[in-house]
J.: 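Have a look at this one before I ask anything.
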Amino acid sequence: MEYDFHDVEAKWQQYWRNHQTYKTTGDNNRPKYYVLDMFPYPSGAGLHVGHPLGYIASDIYSRYKRLKGFNVLHPMGYDAFGLPAEQYAIQTGQHPAITTEQNINRYREQLDKIGLSFDWSREVRTSDPSYYKWTQWIFMQLFNSWYNNGTKKAENIQALITLFQRNGNSGIDAVNNQEKEFDAVAWNNFNEREQQTILLNYRLAYLADTMVNWCPGLGTVLANEEVKDGVSERGGFPVERKLMKQWCLRITAYAERLLNDLDGIDWTESIKDAQRNWIGRSEGAMLEFSPDSYRGQKEDWRIEVFTTRPDTIFGVTFLTLAPEHELVDKITTNDQRKAIDEYVNYAKNRSERERMSEVKKISGAFTGAYAINPFNNEKIPVWIGDYVLSGYGTGAVMAVPAGDQRDWDFAKYFKLPIPAIVKDADISEGADATKDGIMINSGFLNGLTGHQAIKAAIKEIEKLGIGKGKINYRLRDAIFSRQRYWGEPFPVYYKEGLPYLVEESELPVLLPDVDKYLPTEDGEPPLARAKDWRYSPKSLNPGPSPSEKGVHPSEKGGVPVEKEEKKASWQTANVKNWEITKANSRELRKIATEAEDLLWQELRNQKLEIKFRRQHVIDEFIVDFVCLEKMLVIEVDGEIHNEQKEYDEQRTLILNENGFNVIRFTNKEVKENIQQVLHTIKVELQTRQSLTKEPSDLSEEIPPLRRRGVGGEAESYPYEHSTMPGWAGSSWYFLRYMDANNDQAFASKEAVDYWQDIDLYLGGAEHATGHLLYVRFWTKFLFDLGLIPKNEPAKKLINQGMIQGVSSFIFRVNGTNKYVSANLKSNYECTPLHVDVSMVKNNELNIAAIRKWRPEYADAEFILEDGKYICGSEVEKMSKSKWNVVSPDDIINAYGADCLRMYEMFLGPLEQSKPWNTNGISGVANFIRKLWRLYHTKEHQFFVSDEAPTPAELKVLHKTIKKVEEDVERFSFNTSVSTFMICINELTDVKCNKRAILEPLAIILSAYAPHVCEELWSLLGHKESISKAVFPKWNEAYLTEDSFEYPISINGKVRFKLQLSLNLTKEEVEQTVRKAEEMHKYLNGDQPKKVIVVPGRIVNIVV
RNA sequence: GCGGGCGUGGCGUAAUUGGUAGCCGCACCAGACUUAGGAUCUGGCGCUGAGAGGCAUGGGGGUUCGAGUCCCUUCGCCCGCACCA
């Protein structure tokens, strides 16, 4: 029997599964190595041969590293939230979870067949509640953090609140969008609403009115990178700009670090450059223009601009504001009002797409207002124009027509002056943006070069107090909400319009069921359809029923899990709430009623030996007075408390159950009969036993109250109805794999400390400014919180190239049912039509097959050339609609997984894009057959000899080990496949069947062709998987040569060769070559002018 | 416009520090074996030329004893960003 890959591959895949061969454990003395593939979105189309390219490469590398003694983490999972499953749900009503599950199963089946060594026990799915619980948790940390520019890291929002309480917000160097300043007194006087609103301007996750890419076709907003040429990347629907309240993540806080840290990671220059470009750092100055002279006057308005060319200020002849600029309305004069309104309206109604396609179209309007150029005190007009973007810088520019092409175009169009500011610069046909010229007409800057003038100008700007040097970034904060169903719900609810986090113990906030996956009639996201989907804060919720206790929401109906940590997380949540509640209690103290004040005075005057506290926080409640030692609560109620009655009763009940006694008095009782009230209190104090110790101060010491409650509509709050974008889950999944089944944390500290970061990350370059930027952002954030040890996710990144498809076309003669062969098509007017590539071989169409393929071809006429129908062909993206998809399943069925693996590697360099061509695969198939034969007799019996190998055989083996090792280390997988082929050819030539050669050979090849090597390994008598073997070391001794056939070149052209000993010195080689017979022919009796000897390489003779 | 990458036989590619251009494979050609096969084995295969030789790494120029590799210039293709002040 020849090698039967069907049985062998199935057998070993089963073995690996049964023995959990590739399961990774963390506690290991071996050095760690983390190899990660970008996880796929499980689409309905399944895998085509392009998808596994990266997986195969990373698998080879993982297997190689294991053989080299590393503890390798090589996991896989699914980026399972996403639009296609949801679009399918909209069309069919099928829950996206079902679609997703089916697709995942199909993916898994296909992946398994390739023989990839993933540790599936660590699989993650971003759509799984046990996973997105932690995505929500990280969001909560973002919400609870601000960015301190002083320490250059994210810090807890509590620290900021403390600063506000002490000093207000001036002097705090935070990344924020808070405009107004306030002092400590003002802060402490703000009500909660005001405080929370301000805090939102500092939080790293915040809610803001944002200009977004609204896609009506998809009913959602899209990120910039999800929009291509004015239409949505998915689905190709038009996209428009719209102002909407959205969750945003303050990624701009990290702009500088995201930029600088690129230098320390081994990623391709193109990705790093794409990120640098996206972050878009530019150095310049921020300065103000106002209608009056600056020296000491108070202006009515100021226009702030950002410029990278402060040196050109003397050339400023007008200002341009974006049409959306907030000052437009204010500064517009009555004469110009109409023109401005019309223009603003015009600009608003132009879609993104129009703006893109009309890049060079110049438009704008004059506001009627003038500002003063602070450097030369000239009066300059203020215009608006949509070439100025509202989102960048300040949304206003100082226009220097001589130095900036856009300003030049605008000036030319509206006939504004274009004064020269650089000596000898020709600005008649366009601006001169270089900085090398000498400044003229520029006051104190005259005579300087642009470079020098920039520094001088900034100095002057700062001296005048009208601005300062500034670094600006193009990067914008990331919009983090999507009006979609199939994504992570936010752990957020709204109370009086303000967002609050749910308690940590209530995570995950599960995705509710909805009747339809469409927006509601009034344009609310699909989650608004969910019935009774509201948040009831813990204090009003019944405690967990015993049956539910300890059952993870994702495991309902499954096996209950013991959770001791429950209490700990409760306390964390309470501490956070306590801060807020405490703030409230302070407020309440200030607005105390007369009766409360009276009672407070009396309680103090009574000199009771027991301490009372006023407006004190107990868990989430604020009680009027409390004696903690006796656990006695005193409430003073107003006359009208009907609305509050139920709540108060409920509260009393909970407090009672937790050991507090609650006594109530009305305001009237206190005011009219204070003695009676005090008496009642004293009696109560005497009858109650003291606690053994008084809680020293804070209510954290009070254990969380046990709850019961009534629930009810009045005390529940609406959840956030948006969901998170697709990149939320993928921004931290690499961490989850480190400890994928942990339900107490996103990953344990031990796990993150052991695995640290990704050593090798493989994936497509299309994620350059999306996923790869966000994952760096979240990594840095979690690092700031001290939760992980590294501030970059991946040390090394490789982008595998795309495998394109080769589409085949037939040519229909227009208006007929005739199809003409490719080389005859110029004789006809015809239309190319895609045909399924499986019906085409070497461009020849299988006519019988196409007649069966579709009815319209059944009795079509095919116009042949030389008896054949030749198809046209073109390289295109592999896609179902182009009928050019090649499935790995088909290849594996025909040639086996090992063959597919090696062939995909053999196609060319990993990073290069290339078209798939099944034709070449027979070379690799032959290779595997030849390999098998080395270990077998002609009669197909397994046989290896225990004889000692010859030096020639050892040389073949060791040069192969050396070359393969070098190749794998530099990710040159295509060349190592060639090396294996050479090795097998050479061993076949010498009919080598020595165990001493074939055994190590199986090991090094096993990374590439694991199935056949496992089989050979077991035939060689080994009981354990070959993946547990040790990569052989190559030995220089077997490789050294004692002589070398020198190529002898004359004037750089090789003319003949000489076999010479490698022990000869340079001089000896030169002498031998000079004397060589062949030399006469080239010398014509002369002596060579020069002889260059490169030992072991070449000899060059100059004549 | 800016940034990144690429250009080598009929095709996919190789040449790791400047040192024999075309390894390995596909396709093709010739042959062997043979109950003819999409099997296996042997040989050939950059272009040109009968041959010696000449010409060849998109084009042109340069550095060097020697350039696919380094420098300048130019053309073509692919990818990313793009009115970013």
Side-chain angles (χ1 to χ4, degrees), chain A residues 2 224-225 268-278 280-282 284 305-309 312 320 355-356 358-362 385-389 391-400 403-407 409-410 433 472-476 765-766 768-769 799 801-802 841-842 903 906-909 911-924 926-927 929-930 933 963 966-967 969-970 972 974-985 988 1045-1057 1088-1094 1096-1103:
Chain A
E2 285 261 17
N224 286 340
E225 59 274 17
T268 57
E269 251 345 274
S270 67
I271 296 278
K272 288 198 204 179
D273 271 320
Q275 295 209 349
R276 285 188 190 113
N277 193 278
W278 193 261
R281 180 184 195 274
S282 50
V305 302
F306 175 74
T307 178
T308 55
R309 297 295 304 275
T312 62
T320 316
R355 265 175 96 149
M356 298 256 191
E358 296 171 13
V359 162
K360 287 285 165 255
K361 190 173 166 185
I362 296 154
D386 71 356
Y387 80 96
V388 178
L389 305 175
Y392 181 75
T394 62
V397 299
M398 54 173 232
V400 184
D404 184 287
Q405 190 57 45
R406 294 156 300 178
D407 297 338
D409 292 338
F410 196 84
N472 216 24
Y473 294 94
R474 198 181 73 100
L475 185 73
R476 323 271 175 88
E766 67 273 19
T769 51
N799 302 114
M802 238 198 315
K841 186 151 194 193
N842 292 330
Y903 185 56
F906 187 63
L907 279 175
E911 282 147 293
Q912 197 172 301
S913 285
K914 53 236 158 188
W916 177 265
N917 177 6
T918 307
N919 286 340
I921 203 169
S922 59
V924 176
N926 284 341
F927 161 79
R929 259 192 296 268
K930 279 166 101 171
R933 280 188 211 128
K963 179 77 160 71
E966 285 167 356
D967 285 351
E969 291 284 358
R970 63 192 175 99
S972 178
N974 54 329
T975 52
S976 45
V977 176
S978 296
T979 306
F980 282 121
M981 288 175 168
I982 295 167
C983 173
I984 296 300
N985 289 346
T988 303
E1045 192 182 34
Y1046 276 93
I1048 313 297
S1049 62
I1050 315 290
N1051 294 335
K1053 291 219 177 290
V1054 176
R1055 295 299 174 174
F1056 61 98
K1057 293 182 180 177
K1089 287 203 190 88
K1090 200 171 174 187
V1091 177
I1092 295 114
V1093 177
V1094 185
R1097 286 256 187 209
I1098 201 168
V1099 178
N1100 193 21
I1101 292 139
V1102 187
V1103 295

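Labels below follow one simple rule: chain letters A, B, ... track the order of the sequence lines, proteins then strands, and each chain is numbered from 1.
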J.: Please name all residues satisfying side chain to side chain contact (heavy atoms under 4.5 Å, CB included) with Asn799(A), sequence neighbours left out, ordered by chain then number.
T.: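 For Asn799(A), the residues satisfying side chain to side chain contact (heavy atoms under 4.5 Å, CB included) (neighbours in sequence not counted) are Thr268(A), Ile271(A), Ala765(A), Leu797(A).
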J.: Is Asn472(A) touching bases, backbone alone, or none of the nucleic acid, heavy atoms closer than 4.0 Å?
T.: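 No contact at all - Asn472(A) keeps every heavy atom at 4.0 Å or more from the nucleic acid.
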J.: Give Thr320(A) one of three labels, base, sugar-phosphate or nothing, depending on what nucleic acid heavy atoms sit under 4.0 Å from its own.
T.: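 The answer is nothing, as Thr320(A) stays clear of every strand by at least 4.0 Å.
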J.: Taking side chain to side chain contact (heavy atoms under 4.5 Å, CB included) as the test, write out the residues that go with Arg933(A), two or more places apart.
T.: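 Counting only residues at least two positions away or on another chain, Arg933(A) forms a side chain to side chain contact (heavy atoms under 4.5 Å, CB included) with Glu2(A), Arg929(A), Lys930(A).
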J.: Pro1088(A): what forms a side chain to side chain contact (heavy atoms under 4.5 Å, CB included) with it, not counting sequence neighbours?
T.: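 Partners of Pro1088(A) by the side chain to side chain contact (heavy atoms under 4.5 Å, CB included) criterion, ordered by chain and then number, come out as Arg1074(A), Leu1083(A), Val1091(A), Ile1101(A).
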J.: In whole Å, what separates the C1' atom of C79(B) from that of G61(B)?
T.: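 Result for the C1' pair: 30 Å, nearest Å.
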J.: Can a side chain N or O of Asn919(A) be found less than 4.0 Å away from OP1 or OP2 on G38(B)?
T.: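 No, because none of the side-chain N or O atoms of Asn919(A) sits under 4.0 Å from OP1 or OP2 of G38(B).
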J.: Looking at G4(B), C81(B), U20(B), which one has an atom nearest to any side-chain atom of Lys1057(A)?
T.: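 Nearest nucleotide to the side chain: U20(B).
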J.: For nucleotides 14-16 of chain B, give me every protein contact, N/O to N/O, under 3.5 Å, one pair per line with atom names.
T.:
{"unit_1": "A14(B)", "atom_1": "OP1", "unit_2": "Asn974(A)", "atom_2": "ND2", "d": "2.8"}
{"unit_1": "U16(B)", "atom_1": "O4", "unit_2": "Lys963(A)", "atom_2": "NZ", "d": "3.4"}

J.: Any side-chain N or O of Asn917(A) below 4.0 angstrom from OP1/OP2 of G25(B)?
T.: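 For G25(B), OP1/OP2 do not have a side-chain N/O of Asn917(A) under 4.0 Å.
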J.: Name the nucleic acid region contacted by Thr268(A), choosing base, sugar-phosphate or nothing; use a 4.0 angstrom heavy-atom cut-off, strictly under.
T.: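 The answer is nothing, as Thr268(A) stays clear of every strand by at least 4.0 Å.
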J.: Need the glycosidic conformation of G9(B): syn if within 90° of 0, anti if not. Which one?
T.: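 Judged by the O4'-C1' to base torsion, G9(B) sits in syn, the angle falling within 90° of 0.
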J.: Can you list the steps and then say if Tyr903(A) with Thr918(A) is a side chain to side chain contact (heavy atoms under 4.5 Å, CB included)?
T.: CA-CA 9 Å; Tyr903(A) 185 56; Thr918(A) 307; 5.8 Å; no
J.: For Met981(A) and Val924(A), work out which heavy atoms get closest and say how close.
T.: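 Smallest interatomic distance, heavy atoms only, reads CE-CG2, 3.9 Å.
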J.: If the plane angle is over 60° it's perpendicular, under 30° parallel, otherwise tilted; pick one for Phe410(A) and Tyr387(A).
T.: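 Ring orientation of Phe410(A) relative to Tyr387(A): tilted.
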J.: Can you sort out the partners of Ser922(A) under side chain to side chain donor-acceptor pair (under 3.5 Å), two or more places apart, ordered by chain and number?
T.: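 Per chain and number, Ser922(A) pairs via side chain to side chain donor-acceptor pair (under 3.5 Å) with no residue.
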J.: Can you name the side chain to side chain donor-acceptor pair (under 3.5 Å) partners of Glu969(A), sequence neighbours left out?
T.: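 Side chain to side chain donor-acceptor pair (under 3.5 Å) list for Glu969(A), sorted by chain: Tyr64(A).
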J.: Give me the distances for all protein-to-nucleotides 70-72 of chain B N/O pairs that come in under 3.5 Å?
T.:
none

J.: Just checking Arg1055(A): base, sugar-phosphate only, or nothing, at a heavy-atom cut-off of under 4.0 Å?
T.: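 The answer is sugar-phosphate, as Arg1055(A) gets under 4.0 Å only of primed atoms, P, OP1 or OP2.
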J.: Between G68(B) and G19(B), how far is it from one C1' atom to the other, in whole Å?
T.: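 Comparing C1' positions in G68(B) and G19(B) gives a spacing of 13 Å.
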J.: Does Arg929(A) put a side-chain nitrogen or oxygen below 4.0 Å from OP1 or OP2 of U40(B)?
T.: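 For U40(B), OP1 or OP2 has a side-chain N or O of Arg929(A) closer than 4.0 Å.
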J.: For U57(B) versus C70(B), give the span between their C1' atoms, rounded off to a whole number of Å.
T.: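 Rounded to whole Å, the distance is 16 Å.
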J.: Mind checking what makes side chain to side chain donor-acceptor pair (under 3.5 Å) contact with Arg476(A), not counting sequence neighbours?
T.: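 Applying side chain to side chain donor-acceptor pair (under 3.5 Å) to Arg476(A) gives none.
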J.: Determine, step by step, whether Trp916(A) and Leu907(A) satisfy the side chain to side chain contact (heavy atoms under 4.5 Å, CB included) criterion, reporting the C-alpha distance in whole Å, the side-chain angles of both residues, the deciding distance to 0.1 Å, and the verdict.
T.: CA-CA 8 Å; Trp916(A) 177 265; Leu907(A) 279 175; 3.8 Å; yes
J.: Give none if G7(B) has no partner; otherwise give the nucleotide forming a Watson-Crick or G-U wobble pair with it, both distances under 3.5 Å.
T.: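 Partner of G7(B): C75(B).
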J.: Show me the protein contacts with nucleotides 61-66 of chain B, counting only N or O atoms at under 3.5 Å.
T.:
{"unit_1": "C65(B)", "atom_1": "O2'", "unit_2": "Asn1100(A)", "atom_2": "ND2", "d": "3.0"}
{"unit_1": "C65(B)", "atom_1": "O2", "unit_2": "Asn1100(A)", "atom_2": "ND2", "d": "2.7"}

J.: Who passes side chain to side chain donor-acceptor pair (under 3.5 Å) against Lys1057(A), sequence neighbours left out?
T.: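 So Lys1057(A) forms no side chain to side chain donor-acceptor pair (under 3.5 Å) with any residue.
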J.: Can you tell me how far P in C45(B) sits from the matching atom in G59(B), rounded to whole Å?
T.: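 The same atom, P, in both gives a distance of 25 Å.
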J.: Select one nucleotide: of A85(B), C26(B), U20(B), the one nearest the side-chain heavy atoms of Thr308(A).
T.: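 Given the options A85(B), C26(B), U20(B), the side chain of Thr308(A) is closest to A85(B).
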J.: May I ask which nucleotide in the shown strands pairs with G12(B), Watson-Crick or G-U wobble, both distances under 3.5 Å?
T.: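 Partner of G12(B): C24(B).
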J.: Tabulate below the donor-acceptor pairs under 3.5 Å that side-chain atoms of residues 1047-1056 of chain A make, not counting sequence neighbours, or state none.
T.:
{"unit_1": "Ser1049(A)", "atom_1": "OG", "unit_2": "Val1099(A)", "atom_2": "O", "d": "3.2"}
{"unit_1": "Ser1049(A)", "atom_1": "OG", "unit_2": "Asn1100(A)", "atom_2": "OD1", "d": "2.8"}
{"unit_1": "Asn1051(A)", "atom_1": "OD1", "unit_2": "Val1103(A)", "atom_2": "N", "d": "3.2"}

J.: Searching all strands shown, indicate the nucleotide that pairs with A36(B) (Watson-Crick or G-U wobble; both distances under 3.5 Å).
T.: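 By the stated definition (distances under 3.5 Å), nothing pairs with A36(B).
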J.: With C1' as the reference atom in both, quote the distance from A14(B) to G9(B) in angstrom, rounded to an integer.
T.: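 Straight-line distance between the two C1' atoms is 13 Å.
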J.: Need the pair for C65(B). Rule: Watson-Crick or G-U wobble, both distances under 3.5 Å, any strand; none if unpaired.
T.: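 C65(B) is paired with G19(B).
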J.: Taking the minimum atom-to-atom distance to the side chain of Val1094(A), which one of C81(B), G19(B), G25(B) wins?
T.: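 The listed nucleotide nearest to Val1094(A)'s side chain is G19(B).
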J.: Using a heavy-atom cut-off of under 4.0 Å over every strand shown, decide if Lys272(A) touches base, sugar-phosphate, or nothing.
T.: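 Result for Lys272(A) = nothing.
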J.: Using the side-chain heavy atoms of Met981(A), tell me which of these nucleotides is nearest: G25(B), U20(B), G19(B).
T.: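 Ranking G25(B), U20(B), G19(B) by closest atom to the Met981(A) side chain puts G25(B) first.
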J.: Can you name the residues that form a salt bridge (charged side-chain N to carboxylate O under 4.0 Å, His left out) with Arg276(A), not counting sequence neighbours?
T.: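 Result, salt bridge (charged side-chain N to carboxylate O under 4.0 Å, His left out) vs Arg276(A): Asp263(A), Glu269(A), Asp273(A).
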J.: Between G19(B), G25(B), U40(B), which nucleotide has the shortest distance from any of its atoms to the side chain of Phe906(A)?
T.: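 Of the options given, the side chain of Phe906(A) lies nearest G25(B).
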